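Just below is one structure, and these are the notes that go with it.
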Amino acid sequence: MLISYPFLLIIINIAINDTITRERYTFWFNVICGVLMLVLLYLHMQTEVVFGKDLLDSWYRNNPE
């Protein structure tokens with residue numbers, strides 16, 4: 001997303017000659033990319049990484065408190 005967004009934005013601006021049409025396509029492209037970025041950020045924040053879970057489980061099994 002971070003790499004492809006600027007290139008796609010430049011391609012849209014080069015491909016469309018009419019100013020009003022270009023502004024309309026650029027606006028909706030930015031809205032779609034913004035929503036996609038928020039969805040990807042939300043999904044990224046939902047991942048849970050547990051380092052050493054097996055070691056912690058064996059420690060708690062061997063050392064009950």
Side-chain angles (χ1 to χ4, degrees):
M1 183 76 189
L2 292 174
I3 295 171
S4 63
Y5 171 76
F7 292 113
L8 291 174
L9 188 60
I10 290 171
I11 289 171
I12 288 173
N13 284 319
I14 291 173
I16 300 172
N17 292 328
D18 186 27
T19 306
I20 296 171
T21 307
R22 181 186 312 149
E23 289 175 359
R24 193 176 331 141
Y25 276 97
T26 303
F27 173 77
W28 284 110
F29 178 71
N30 289 331
V31 169
I32 290 169
C33 286
V35 170
L36 182 62
M37 191 71 157
L38 290 174
V39 168
L40 290 175
L41 180 65
Y42 175 77
L43 292 174
H44 173 69
M45 296 303 287
Q46 295 301 315
T47 58
E48 180 180 352
V49 179
V50 179
F51 294 105
K53 185 176 182 326
D54 295 332
L55 291 173
L56 285 173
D57 289 342
S58 65
W59 170 263
Y60 289 136
R61 192 177 334 106
N62 293 332
N63 299 314
E65 293 181 11

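Computed from a prediction, not measured in an experiment: that's the story for all the values here. Positions are given from 1, in the same order as the sequence printed here.
- Of the inter-residue distances, the one linking F29 atom CZ with I11 atom CD1 reads 9.0 Å to the nearest 0.5 angstrom.
- Both L2 and L36 are members of a single hydrophobic cluster when ILVMFWY side chains are connected at heavy-atom separations under 4.5 Å.
- With respect to R61 and D57, no salt bridge is recorded, no charged nitrogen being found less than 4.0 Å from a carboxylate O.
- The line from CD of Q46 to CG of L41 is 10.0 Å long, rounded to the nearest 0.5 Å.
- Within the model, atoms OG of S58 and CG of N63 stand 9.0 Å from one another, a figure rounded to the nearest 0.5 Å.
- Within the model, atoms CD1 of I32 and CE of M37 stand 15.5 Å from one another, a figure rounded to the nearest 0.5 Å.
- L8 contributes atom CG, which lies 7.0 Å from atom SG of C33 (distance to the nearest 0.5 angstrom).
- For the pair N17 and R22, the tightest heavy-atom approach, listed with the atom from each and the gap, is O-NH2, 3.3 Å.
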Q) Yes or no on side chain to side chain contact (heavy atoms under 4.5 Å, CB included) for L56 and F51, after CA distance, side-chain angles and deciding distance? A) CA-CA 9 Å; L56 285 173; F51 294 105; over 6 Å; no
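- For Y25, the OH atom counts as loosely surrounded, since its 6.0 Å shell holds 12 or fewer non-hydrogen atoms of other residues, nucleotides or ligands.
- Here CD1 of I12 is found 6.0 Å from OG1 of T26. Values are rounded to the nearest 0.5 Å.
- Other residues, nucleotides and ligands contribute more than 12 heavy atoms inside 6.0 Å of the CE atom of M1.
- When the shell of 6.0 Å around CG of L43 is examined, it contains more than 12 heavy atoms from other residues, nucleotides or ligands.
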